[in-house]
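The next block holds one structure in the form of structure tokens; read it before the comments.
Note that ligands are numbered from 1 as they come in the structure, with each ligand's atoms numbered from 1 the same way. Quantities reported herein were computed from a predicted structural model and do not represent experimental measurements. Position 1 is the first residue of the sequence; numbering continues from there.
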Amino acid sequence: MSPVMSSGAQADELRDAVQADMPGLMELYRDLHAHPELSFEEVRTAAKLAARMRELGFEVTEKVGRTGVVAVMANGPGPVVMLRADMDGLPVVEQTGLPYASTQTATPASGVTTGVMHACGHDTHMAGWIGAARQLAARKDEWSGTLVMIGQPAEEVGLGALAMLEDGLYTRFPKPDFALSFHDAAQFPAGTIGYSPGFALANVDSVDITVPGVGGHGAYPHTARDPIVLASAIVMKLQTLVSRESSPLDPAVVTVGSFHSGAKHNIISDEAKLQLTVRSYGDDSRKLLLDGIARIARGEAIAAGMPEDRMPTVTVEDPYTPATYNDPDFTETVMAGFRDRFGDDRVMQVPSVMGGEDFGQFRRADPDDVESLIFWIGGVPQERMEAAARGEAELVSLHSPYWAPDAEKVIATGAEALAAAALRLMPVSGG
Ligand SMILES: [Zn+2]
Ligand SMILES: [Zn+2]
């Protein structure tokens, strides 16, 4: 039998096994979907995952990085492969109308009670991850190495991966040679796989600028220093960072998402506050943008005649979410396997995005030793995709209260893809 035929036969067997598992995985999915929890509050969720992994024979440690789960299966010599699922939901009031829609509420730090929803599809990630674990635990004679499966908290606030790393993910547990994860996607047909070699998701920086002024009467502007005019000049000048300072070949975004100042028509305020999101890929372009923001804020204040002791203050939130980088060779290795298994029409290279994902932390913690890849699994139901193509429906985005992926296809594809990738990365050595 040729190697090609042999891998094809194995493909069918794994796919059949995942399909046979789907009723149980869908039950888990519906349960997780109905009971979402906010970032770092994934207590029920983590307990569910930990119990399932223990049943499968993994050595499970809970509360890693507050609510994270680490499940290890050592199975002979070979590489360490880490598979990650994120666990948190979002403060969104679900409006999908699904029979298992979430009716959960929570009161986050803001103090405002809100609905909670798996509006980013992390429930599909967890179900697919459990599906992969079941396949890998059932065929330990087909791979050799160490499998580390992690349930990561708090992806939505960009802090969970770092929390797990700071709690000893790479010192208390085997450090991965390869780290893999998938995310559902709201723009691709259900069951397709999308990937971007190199930078896949962006550095995300949140920046606050406080612009002092000198308050006064609106009818006597010459006796005041108007922070609204100054902050407006800063906003306009910031537009030149991407258009005139960044390389046109290097993607960058500077968005002023919030501008607050003043209380009344005829009072010149004494302060304006700006909130920015700043996106980039490389460390150098990130530095160029952040340095430029500080320089522009100060420069405009000087131009407005502000005294040295009333310069704007620029604060960059720490920690930030670093860009997610897919090692190109590793990506190609995994995707070659996916193309064999799923066919060229289900596996496609797609453009990178300026969204963020803290999965990038796992490679960044040790870029010389850890290769990583995150890929997309399309979640848009076929009929919705077709209606959108006819102009009869709009596609909703992730985080929408209406996001209802074709969970069955996402989970089946995710389970099969993660298991297949792990099998390929941890072959039984022929000696
Ligand atoms: Zn999200
Ligand atoms: Zn997400």
Side-chain angles (χ1 to χ4, degrees), residues 29 32-33 35-42 45-46 49 65 67-69 83-96 102 104 106 108 114-130 150-164 179-188 190 193-196 200-206 253 257 277 279 320-324 326 350 352-362 372-380 395-407 410-411 413-414 417-418:
Y29 162 73
L32 294 170
H33 188 86
H35 299 94
E37 295 170 297
L38 292 178
S39 305
F40 284 129
E41 293 174 12
E42 310 92 336
T45 306
L49 299 187
T67 44
V69 178
L83 305 180
R84 169 269 210 172
D86 39 10
M87 304 192 293
D88 49 337
L90 284 159
V92 170
V93 180
E94 177 155 1
Q95 292 175 52
T96 58
S102 164
Q104 304 292 115
T114 163
V116 186
M117 174 185 175
H118 269 302
C120 204
H122 297 184
D123 45 1
T124 61
H125 307 171
M126 289 185 277
W129 178 87
I130 289 283
I150 62 168
Q152 185 210 299
E155 187 282 322
E156 293 295 352
V157 293
L159 296 174
L162 196 60
M164 292 190 82
L180 273 166
S181 189
F182 77 89
H183 202 295
D184 70 333
Q187 72 275 41
F188 306 132
I193 292 175
Y195 69 98
S196 309
L201 293 119
N203 292 313
V204 179
D205 279 288
S206 296
V253 178
T277 190
R279 309 289 171 119
Y320 74 107
T321 300
T324 299
N326 290 333
V350 299
S352 311
V353 296
M354 299 308 278
E357 189 14 292
D358 70 353
F359 182 70
Q361 296 279 15
F362 296 115
S372 79
L373 165 64
I374 191 168
F375 55 93
W376 302 100
I377 295 184
V380 184
L395 296 183
V396 300
S397 61
L398 296 176
H399 292 200
S400 160
Y402 298 100
W403 173 234
D406 181 337
V410 176
I411 292 165
T413 307
L418 289 181

Between His122 atom NE2 and Cys120 atom SG, the angle centred on the Zn ion (ligand 2) rounds (to 10°) to 110°
Is there a side-chain contact between Trp376 and Val350 in this structure, where contact means two heavy atoms from C-beta onward sitting under 4.5 Å apart? yes
Of all the N, O or S atoms in His183, which has the shortest distance to the Zn ion (ligand 2)? NE2
Any side-chain to backbone donor/acceptor pair from Thr324 onto Ala200? Under 3.5 Å, distance only. no
Examine the side chains of His118 and Glu94 and answer whether a donor and an acceptor come within less than 3.5 Å of each other. no
Rounded to 10°, how many degrees is the angle OE1/Glu156-the Zn ion (ligand 1)-NE2/His399? 90°
Phe182 vs His125 aromatic rings, parallel, tilted or perpendicular, using cut-offs 30° and 60°? perpendicular
Can you tell me if an N/O/S atom from Glu155 lies under 2.8 Å from the Zn ion (ligand 1)? no
